[in-house]
Every structure is written in structure tokens, then in C-alpha cells.
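Worksheet for the structure shown next.
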Amino acid sequence: MIIMTIFLEVIREFEKKWQKKWQEDQIFVGKIDHSRPKWFITVPYPYASGAFHLGHARTYNLGDIYARFKRQRGYNVFYPMAWHITGTPVLSVSWTIKNNEEKAWETYRDYVGIYEDDPKKIDEIVGTFVEPQNVANFFSSTILQDFLNLGFSIDDTRQFTTGDPDYNKFIEWQYGILNEKNYITKGSYPILWCVNDKNAVGEDDIQDGDLLKVEVSEFVGIKFKLNSGTALVAATLRPETIFGATNVWIHPEAIYNEIMIDGEKWIVSEEATMKLSEQEHTIEIIRELKGKELVNEEVTVPITNWKIPIYPAMFVDTDHATGVVYSVPAHAPYDYAALVDLQNDDETIENYNLVRDSLSKIIPISLIEVKGYGEFPAVELCEKLGVQSQKDREELEKATQTIYKDEFYSGIMKDNTGDFKGLKVEQAKDAVAEKLEKVNLATTIYEASERSFCRCGGQVIVAVLQDQYFLNYGDSEWKEQAFYALKNMEIIPEKYRQAFENTFHWLDKRPCVRKRGLGTEFPLTKGEGWIIESLSDSVIYMSYYTIVRTIRQNNIKPEQLKPELFDFIFRDKGKVEEIIELTGISKDLLMEMKDSFEYWYPNDFRHTAIGHLSNHLSFAIYHHVAIFPEKYWMQTISISEMLNRFGQKMGKSKGNVIAMGHIPRKYSVDLTRLHLASVATVDTVLDWREDEVNFAKQRLRKFWEYATSVTKISKISEEDFSFPSKVLISSVKTNLKKAIERIENFNARDFVLDGFYSNVRAIDEYQKIAQHLPEKERNTILREIIEKIIATMSPVIPHICEELNERMGDKEYNSLKQIPDIVISYQDELYALEAKFMANLIEDIEQIVKLVKTKPKKIHIYINAEWKNELYKIAQEIFEDEAFKISKMMNAVKENSKLSKYMKDIANEAKLMMKDPTIFRIEMLSSKEQEEAIMGYKEFIIRTFDKAEVLIHLADEKDIYDPQNKAQKARPMKPALLLE
RNA sequence: GCGGGGAUUGCCGAGUGGUCAAAGGCGCUGGACUUAGGAUCCAGUCCUUAGUGGUUCGGGAGUUCGAAUCUCCCUCCCCGCACCA
């Protein structure tokens, strides 16, 4: 037995050896070959802004297993790889490194440290990251090496990055077609915006953006007219509560602006003026004023036309929406708390000369009926949660959330809400806003859901961009085509199809240009600095694999890549002579590209992680239908779930990362591949646990030991193997056949379970049962089945299989060897059933031995009378689909000459069958076959039970030894036992 | 909230109408090997019992000869919801 660490060292050694050979002989480079069916698989090209980890490895590992399997099943497989670098991430790496952000440096030192030991060199490399290109270069080369180190059978001669100038031409061409088809539209759109950069910001750009999850919120700004006619604009998420407004709150000490906005006079906070100016308004500041100047004035409530006063409140946040709030104490906890505070606050009343009388007259106005609450939900909840004052923000927040939810979903508008009475709050909310907007008493105001700041320090607000370009995924024709494409696609696992459909349904306009990040310049606004957003770089890029090598090898210049050329290659448009004329590219090269595309496309299989479903994958389907003829649309999408470690998603902040670059040393490649593929089904989150890896390691080692013990055994054909050997061979065959069927359906897990683990177990079993057999036979058998296993399991553990294949004297690459079809004969099935029968029988004996606690000297095995098999067979036929009935059984038996003589026994038997109708619904062996099986395992039974004598009795025979009358109790597949 | 996916025996996790008391692993228990082992190997692991019995698959109701598997209701958990790739 070899010690574990040595075992891993051994296999790591030849893992490297084989990777080098594969690489040198370029055996995975895709070549056109019309004699074989092609199979083009893609797994998303990596985003080259950081190191990859085990979670990524899961996705790529599955892709590689599928690729290798198809390759070994006669397909000409094309499995290329490229690099995504466009968008903001690579740029923001450079940016943070350039700014000497300590956290970024730390992160990137870690990443680089995966590949480099010397701290000085690490710093040097990280230092180069100030140039985005260096980031992309570093990570594309290290990740590629990681992939090759994991034995991935990729074609690395098709590499490109999405930032390459020739690729930019390709994307430009794509947008030309989208524009031609009117899938690009223009409009205004609210986005998160940094006031400092004057730029759109995403989660990456916001400080703690991943935690804050800042979104655009849409408020309704309601115009409360002052007597002067100027509108005090209060922003709300709940316009329906306008009927319960009792007063307006304003921050007395803050600065407000009176502004002329789109021809109207408004008063809003100073901050709001700035924000509104970014939201498609023309604004002129008329004057500045302090909040307290408005206190005690009256405003008119829209719709009801009531006059309500303006009161001071310190809780008003002028940097939130408009800095003006209308008070609905019946339904808004904050308002209620503030009102009570104010009514009891003599100092403030005095300071601002409030009229005590009218203030104390203010009482909540209820306008929503909601189950589980009385007249004034806010009042109730404040009391319940023990709110003392407006300063109890935590309780107030909770109360607000609760009421919002309860009222929104189960509230009904009361009689005092005019036209809206009886409406559900859910509906009234929009209806009231709509009515207000119609009479120009309300307008939409956007605000960020959280107060947040850009990494540059600037505040994040919501801006409305005009003339923003969108991809119109809502276009009915486009959508329809996408649905049509989806319908004809295979989705694995099928359960995700629904998610695609839902995504397609809600997909609508999506902004497609940005001012920041790397990428292709937007062709419709050349020179204005607009970049095509980066997801558009990753939706039809698979087609570029088919031509990129020709472009690079022949030094074709980006400017030669005219749209007409792409049309010619990808859409079969135009004449070759015209393209030669236009681009100056030779006919040979043009046709090489066109042939390559037409040979490899469509993308037969795309495997990816689930996170891409609602965006990348959906867009990929959309863009394919827009750009390519139908025969080139994607065929299959396969999805796998995420990977966890210690119950959490792998992430730097969690400290649970296993870097992809560390896998070969930490475990071994084949070990990792095996375990990744087999520990969970693709649609469940995989939890990586070291102690479970250990199991895989042990089994792998065991397999290795079995295999290496027989690599030198020469094959001899020996017809007359003993029973256990025959059982082993057919069970291995059966397992492998099952395994192949599994992986044909892209079920890698069961492929490993059936093809590997079950077979190792079968060999274990054989070793025990076959101890008494001649060594020569055992070794020959072992050698034969090991050969079968390495041929089939190669897609998962290619290195070990390759090595064993060589050691067994085969000069060909195992990775290119065909996995043969396996034919299971009737005889094989019989052996399998016999083995199962024996396992049950031995278990029964063991159970009894355990219970009686004495070692038997004799084991009598009684095999059922053959007529019982007949009886069961008949029962199976009659009661296939209905309840067992004794009378029906007996009637059927009466007609049967073989059975009619046992009527009395059958009656007993029928009672048992009545009691447990499953006993006859089984696969059976005849009495003879049962006997044969027991004979085959006799030696083993004797050995297992300490040399007990094994005596087999057939119930059909006369004068058998049966002191306890057991023979009649024997059932098919369930012999009766007597231990003495 | 909307949409999707789930809930299985101590834990993880298979299983989608009949050998299902339910694969496999982990953990635990016992044994072997060993100076020792938290290394490795073997065995056991719902309760009961000379095996063919009982109670289980989130809770409740139903369909069926038969349900972990199908239907309905309830409770709880996870994921996505766009300008981030």
C-alpha cells in the first residue's frame, strides 16, 4: 500500500507530464474535418481582472468533461478560449492601484502571490497594473495557465481579448446590424450618477456598493401651493395618503431655494435643487431662504383643497428627495411621532411663534382601512413598539416598513378619499399619482435609495440622461424571435427554461452605451466618447473564435475588417470578389474564414454558471437571432450552480478562497476534477468540504492501486471464468453503460458515481468474494475491467487514465481514444440479478447470525418451489394496474394446469400477497438460477461464516432435510434459512 | 412584492408512482494495522425481531390497489429583479 502523500506526489508528477505532452502535440486544437460530426462547446471566456478560484473551476471542469466525452465519442470537438476585458472592472483595477488604495494593493498582491513567491517581484507586477492592458495581460496568461494546469482540453490558438482592435470592428459590425433593424432606440433614463465625475456609477464605483445596494427610487413630488402660488413640493412614495395630510414639515434651520423650474415656481431644499438640475429640468434659482421663513404659512392640499399649516421638524432631511414632507400622522409613524413631539415642545412652539391652538387641534386623519389595525395604524404601532419621540429612529423605521407593507397589500381606501374610495391601496397609489400628474399637481422625482458616495468621493445622486441609447429588448418582433429560438433550444437542466421565459418577458429597454470603461466606441456617436456597454461584447463572440486565428496569423488589419466582410462570412451576403476589392484580403483567406465559420457554427453547447441566466445568456439568444441566420442560432444551454466553502460563497472577504492556481498542488488535478464533478448535481450549490475530498482521494488511490497491480498482466483469453469473475465483468459493463448514458445527458455526477465509484466498489466486492480463485484469473479479470474503466472515465480523470493506458502498453493518447458502446446481454442482466440476489441472501444470513449470537455450523438454504415463480408471474400480469384480489388470483390459477394442484398452498400464498402486494412485483430468478448463484458464491459464504457448511435444498425435491418446515416459506428471490 | 427553485433519516446529499428503511459521503460506534494515531483498512449506524414486522421523507388534506415521488392548502429557506460583469 502506498502512503497517501506519496500517492498524490506520484499522480501530480504525471499530471504535469501529460499536460506537457498534450500541449506539445496540440491534440486539442480544432481542425476542420468533414468526416466527423463537429461539436462546438463554449464556456464563458474569463473576465481577466483577477484570479480565478475553485468556484470557477466547477463550471469549466464540467465544460471540459463534456468536451472530452464528446471527443471520445467520435465528435470533432472545438473548445476555444478567449478573454473579456472590456467594461469597468479592468479599468477600475488600474485606477485603484494608481491611487494607491491599500485594499486594492492587498487584493492584487494576493492574486499575484498565487503565481509568484518573491514579494519584491509581486509588488513590481502589481505596480504595472496602473496600465489596464497589463492587468488584462497578466490575468489572461495566468488563468490560461491555470486552465491548462487543470488539464482542460482547450484550443488555445484562438485567443483574443474583447479590447483588441480587430474585435472592436466585429462589435461595431454587430451594432450596425442592430441599428439597421431598429433595435437601438433613444430616450431619457434615470441612472445613478456621481456629481463629481459627472458620470454614471455602478455597484463597483460606489463605496461599499456591494453592501448598500443603491437603487434608483421613484418619488412622487406633490405640489402644495402657497398662497403666493409658489409650490412647496413634498416628495412621497405614498401619494394615496394625500387625503390624510394634516400639515407640511420643513427643516426650520436649513436652506431652501425658490426656483423657477420648467416655467413654474417651486420651493425645495438646496440639495434638491442641485439634484433636480440633473433630472432633465431647466432651473433658475430665484432666491435662497431659510426653512423657518415658511413656518406658519398655509398651503393648499391638492384634490381636497384643504388649507394646512407648515410646521418645523428637525427630522426632515434636506438631502433626501425635496427636503419637504407632508405629514400623515394616521399612517406614517415618523409623522405621528414628530407631531406629538411638537405639540409638547414649548420651546419650539415659542421659537417659531406657532399658534398653540391650531397646533393642538391637529389630529390624525384616517384614510385607509386595513385588517388587523384600528383607526390609526401609525399611532397603534408607535405605542406597541414603545416609540417615545421622533429620535427613536430604529423603531420608527420598523414601524414604517410594517405599515407600508400591510397597507400596501391589504389596505382599502376609505370613504373620505373621493373617487378612490374602495380601491386597494396597491391600485390607489398609482391612480392618485396619475390624477395629480394630470392636473399638474405632481411630478416624478428620482432619488437614490441610499445615501452613498462614489469612490472618488462625490455624492451619488440620480440623474436623468437625455438621448440615452438603448437596446430595445422589448421590441415585439425581436422578442418573438428570441422566444422562438428558445423554444427550439435544449436547456439543461430543463427546469431553467421557465427562468428564461420570465426573463424574456420582462426584458425591455436596456441602456447600451456608457461614458466609462474599456470597449468599442459606439458607432452612432463617434467622437462623443460613448462606449458600447460590455455585455454586448460577450453575446456573439463565440463566432469570432472561428475566424480570429486566420486574422491574426495573416496579419489582417482592423481597418480591413469592413462590415461587408463580416456580412459575407457570417451572413452569407455579398460576393467574394466585392469583398476582396473592398478589403484587400485574398480569396483564400476570405474563404478560409467563411469555411471555418460555416463548419464550426452554430455553437452546439454553451455551459455556464447560473448567474448568467437573466443577462448574458438571455442577451446571447437575442443577439444571435438578430445577427445570424437561423441555422447558426445557439443549440443548447447548460447551466450549473455555484460553489460554497464553509457554507458560504467563495469570496475574498470571506477568507474561504481556494485559488485555481493552487489546486494542482493542494489536491491534485484529477482528484479535484473527480470530486468537483461528483459531489453534487449541477443544479445544487456545491459545498466543498475537505473531509469529503479525502474520500475521493482514498477511492482514487484504491483505483490506482488496483490498476497498477495489473498493468503488466498480459491478456489471455480464457473462456471459462468462474462465476464471481463473470459477475464482476458484467456488473462493471453494466455500470459503464449506465455511466455513458448519464453523461450523454450531461449528467457528470452520475457518470462518476456509476462509472467510477460503483466500479471501485464492485472490485472491492470481488476481491472479497474471489479470494479462493486462482491469482491468474483474478489478475486477468482485473486487467480487463481496468482497461474498460480508463477508456470510459478519461473525461473526468484524464491524467490517471492516460498514464495507465501508457503503462498498459498503448502508445496512442487515451484522451483521443473512442469510448466504445457497451452491449449488455441477457446473460449480463442475469448475472446482475444473481449478484443482487446473493447480496440480499448473505445479508439475511448475517442478520440472523447477529441475532442468535452464535456461529452456525450449518447453513441450510431452501429455495422456493418453481410453481411460486409461475404464480408471481401471473400475479404480475393480472394485477399490473389494479389492487390485488384473492378471488381473482384463485380463479386465474384454477385454469392453469401447472398451478392447479397447489391450490391450498396458493391460498396461503395469496394471503401474503394480499398483505404485501409488492412481494410479487419483482424481477425473479428461477429456482435453478438461484441455486446456480448460491453455488457460485458458496466458497465465499463458507469463508464469511467461519467455515460453516452450506447446504442447499430445493423445495421441489423430495425427502429434503427440513426439520422446521422452512422450505414452504421460501419465496422467489427470498430463500428460507435454517441455521444450526 | 414579482419571478424562479427548494424542504429527505444526526449532518451534507441522491431519489419523481411498486425490492424504498430510502444511494453515496460526513459524523458517530466497534474492530484491524500500529510504539501511537486526528493516518489507513474493515464492519455497523430509525425502532423492533431467527430475517419476510413497525414508524419515517417540512405541516395538513386528497388522488391511487400502492406516494418521499401526483394534486390542493399552509409554514419556512435560498436565488434573480437590469446598466455590475
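In what follows, chains are A, B, ... by sequence order, proteins preceding strands, each numbered from 1. Note that the structure is predicted; figures quoted are calculated from it, not measured.
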Next on the checklist: Nearest to the A/K495 side chain among B/G6, B/C81, B/C41, which nucleotide is it?
Outcome noted: B/G6

Checklist entry - NA contact type, A/Q876, heavy-atom cut-off 4.0 Å: base, sugar-phosphate, or nothing? => result nothing

Next on the checklist: Taking only the C1' atom of each, what is the distance from B/A21 to B/G54 in whole angstrom?
Outcome noted: 11 Å

Item to check | Selected nucleotide, minimal atom distance to A/K966 side chain, candidates B/C42, B/C84, B/G51 | outcome: B/G51

Checklist entry - According to the Watson-Crick and G-U wobble definitions, with both distances under 3.5 Å, which nucleotide is paired to B/A14? => result none

Checklist entry - Below 4.0 angstrom, N of the basic side chain to O of the carboxylate: do A/E690 and A/R645 qualify? => result yes

Checklist entry - Rounding to a whole Å, what distance do you find between A/Q847:CD and B/C47:P? => result 13 Å

Checklist entry - Would you call the rings of A/F504 and A/F500 parallel, tilted or perpendicular, where under 30° means parallel and over 60° means perpendicular? => result perpendicular

Checklist entry - Looking at the side chain of A/K969, which of B/U52, B/G24, B/A85 is the nearest nucleotide? => result B/U52

Next on the checklist: Base, sugar-phosphate or nothing for A/N840? Non-hydrogen atoms, less than 4.0 Å.
Outcome noted: nothing

Checklist entry - When you check the phosphate oxygens OP1 and OP2 of B/C78, does a side-chain N or O of A/N644 lie under 4.0 Å from one of them? => result no

Checklist entry - On a whole-Å scale, what distance lies between the P atoms belonging to B/G66 and B/U19? => result 15 Å

Checklist entry - Distance check: side-chain N/O of A/Q498 vs OP1/OP2 of B/G5, anything under 4.0 Å? => result no

Next on the checklist: For B/A43 and A/K768 - does any side-chain N or O of the residue sit under 4.0 Å from the phosphate oxygens OP1/OP2?
Outcome noted: yes

Checklist entry - Looking for any heavy atom pair under 4.0 Å, which part of the strands does A/K888 touch: base, sugar-phosphate only, or nothing? => result nothing

Item to check | Value rounded to 0.5 Å, distance of NZ in A/K969 from CD in A/E909 | outcome: 12.0 Å

Checklist entry - For atom P, what is the distance between B/G58 and B/U8, given to the nearest Å? => result 6 Å

Item to check | Toward the 5' end of RNA chain B, by each residue's nearest nucleotide, A/E641 or A/D764 | outcome: A/D764

Next on the checklist: For a quick check of understanding: with a heavy-atom distance under 4.0 Å over all strands, which category does A/I610 fall into, base, sugar-phosphate or nothing?
Outcome noted: nothing

Next on the checklist: Distance check, P atoms only: B/U29 and B/C46, in whole angstrom units.
Outcome noted: 16 Å

Next on the checklist: Atom CD of residue position A/E880 - does it have more than 12 heavy atoms of other residues, nucleotides or ligands inside 6.0 Å?
Outcome noted: no

Checklist entry - With under 30° as parallel and over 60° as perpendicular, where do the rings of A/Y60 and A/F52 fit, or are they tilted in between? => result tilted

Checklist entry - A/P46 near the nucleic acid: base, sugar-phosphate alone, or nothing, with a heavy-atom cut-off under 4.0 Å? => result nothing

Item to check | Nearest-0.5 Å distance, NE2 of residue A/H623 to OH of residue A/Y473 | outcome: 3.0 Å

Checklist entry - If you check the A/A976 side chain, which of B/G51, B/C42, B/A85 turns out closest? => result B/G51

Checklist entry - With a non-hydrogen cut-off below 4.0 angstrom, is A/R971 in contact with a base, only sugar-phosphate, or nothing? => result base

Next on the checklist: Over all strands shown, is A/A696 touching base, sugar-phosphate only, or nothing at heavy-atom distances under 4.0 angstrom?
Outcome noted: nothing

Item to check | Flag, side chain of A/E980 to backbone of A/K857, donor-acceptor distance under 3.5 Å | outcome: no

Checklist entry - For B/U75, which nucleotide in any strand shown is its Watson-Crick or wobble partner with both distances under 3.5 Å? => result B/A7

Next on the checklist: Around atom NZ of A/K479, are there more than 12 heavy atoms from other residues, nucleotides or ligands closer than 6.0 Å?
Outcome noted: yes

Checklist entry - Among the nucleotides B/C26, B/C84, B/A50, which one has an atom lying closest to any side-chain atom of A/F695? => result B/C26

Checklist entry - When you measure from the side chain of A/R510, which nucleotide among B/C41, B/A82, B/G3 comes out closest? => result B/A82

Next on the checklist: Heavy atoms only, 4.0 Å cut-off, all strands: where does A/I191 land among base, sugar-phosphate and nothing?
Outcome noted: nothing

Item to check | Whole-Å gap separating P (B/C79) and CD1 (A/I639) | outcome: 17 Å

Item to check | C1' spacing across the pair B/C28 / B/A82, given as an integer number of angstrom | outcome: 49 Å

Checklist outcome for this item: Mate of B/C57 across any strand shown (Watson-Crick or G-U wobble, both atom pairs under 3.5 Å) is none

Checklist entry - Nearest of B/U19, B/G27, B/A50 to any side-chain atom of A/D691? => result B/G27

Next on the checklist: Mind checking if A/K702 touches a base, just sugar-phosphate, or nothing, with heavy atoms under 4.0 Å?
Outcome noted: sugar-phosphate

Item to check | Partner nucleotide, any strand, of B/A85 [Watson-Crick/G-U, under 3.5 Å] | outcome: none

Next on the checklist: What is the distance, to the nearest angstrom, from the OH atom on A/Y541 to the P atom on B/A85?
Outcome noted: 16 Å

Checklist entry - In whole Å, what separates the P atom of B/G38 from that of B/A32? => result 14 Å

Checklist entry - Which part of the nucleic acid does A/M642 contact within heavy-atom distance under 4.0 Å: base, sugar-phosphate only, or nothing? => result nothing

Item to check | Euclidean distance, atom CZ of residue A/R238 to atom P of B/G1 [Å, nearest integer] | outcome: 16 Å

Item to check | Any-strand Watson-Crick or G-U partner of B/U45, both distances under 3.5 Å | outcome: B/G27

Next on the checklist: On RNA chain B, compare the nucleotides closest to A/R699 and A/F884; which residue's is nearer the 5' end?
Outcome noted: A/R699

Item to check | Atom C1', compared across B/C57 and B/A22: separation rounded to whole Å | outcome: 8 Å

Next on the checklist: Atom NZ of residue position A/K649 - does it have more than 12 heavy atoms of other residues, nucleotides or ligands inside 6.0 Å?
Outcome noted: no

Next on the checklist: I want to verify a distance call: between B/C65, B/A82, B/G27, whose nearest atom is closest to the A/W506 side chain?
Outcome noted: B/A82

Next on the checklist: Quick check for you: among B/G80, B/G18, B/G51, whose closest atom lies nearest to any side-chain atom of A/T918?
Outcome noted: B/G18

Checklist outcome for this item: In Watson-Crick or G-U wobble terms, with both distances under 3.5 Å, the base opposite B/C2 is B/G80

Checklist entry - Just checking A/H84: base, sugar-phosphate only, or nothing, at a heavy-atom cut-off of under 4.0 Å? => result sugar-phosphate

Next on the checklist: At 4.0 Å (heavy atoms only), tell me whether A/Y47 reaches a base, stays on the sugar-phosphate, or touches nothing.
Outcome noted: sugar-phosphate

Checklist entry - Nucleotide by nucleotide, 5' to 3', does protein get under 4.0 Å of the base (B), only the sugar-phosphate (S), or neither (-) in nucleotides 10-17 of chain B, counting heavy atoms? => result --SSS---

Checklist entry - With a 4.0 Å cut-off on heavy atoms, is A/E533 in touch with a base, just the backbone sugar-phosphate, or nothing at all? => result nothing

Item to check | Contact summary for A/L978 and A/P963, nearest pair of heavy atoms | outcome: CD2-CG, 3.7 Å

Item to check | Between B/G51 (P) and A/Y862 (OH): distance, integer Å | outcome: 16 Å

Only distances under 3.5 Å count here; give the side-chain donor-acceptor pairs of residues 678-686 of chain A to other protein atoms, sequence neighbours excluded, each with its distance to 0.1 Å.
{"residue": "A/S678", "atom": "OG", "partner": "A/L674", "partner atom": "O", "Å": "2.8"}
{"residue": "A/T681", "atom": "OG1", "partner": "A/D683", "partner atom": "OD1", "Å": "3.0"}
{"residue": "A/T681", "atom": "OG1", "partner": "A/T684", "partner atom": "OG1", "Å": "3.2"}
{"residue": "A/D683", "atom": "OD2", "partner": "A/K495", "partner atom": "NZ", "Å": "2.9"}
{"residue": "A/T684", "atom": "OG1", "partner": "A/T681", "partner atom": "O", "Å": "3.0"}

Item to check | Pairing of A/K888 and A/E882 as salt bridge, 4.0 angstrom limit | outcome: yes

Next on the checklist: Is there a side-chain contact between A/K868 and the phosphate of B/U52, meaning an N or O under 4.0 Å from OP1 or OP2?
Outcome noted: no

Next on the checklist: Taking any heavy-atom pair under 4.0 Å as a contact, classify A/D844: base, sugar-phosphate, or nothing.
Outcome noted: base

Checklist entry - Can you check whether A/S534 has a side-chain N or O nearer than 4.0 Å to OP1 or OP2 of B/A85? => result yes

Item to check | Integer angstrom distance from the P of B/C74 to that of B/A14 | outcome: 27 Å

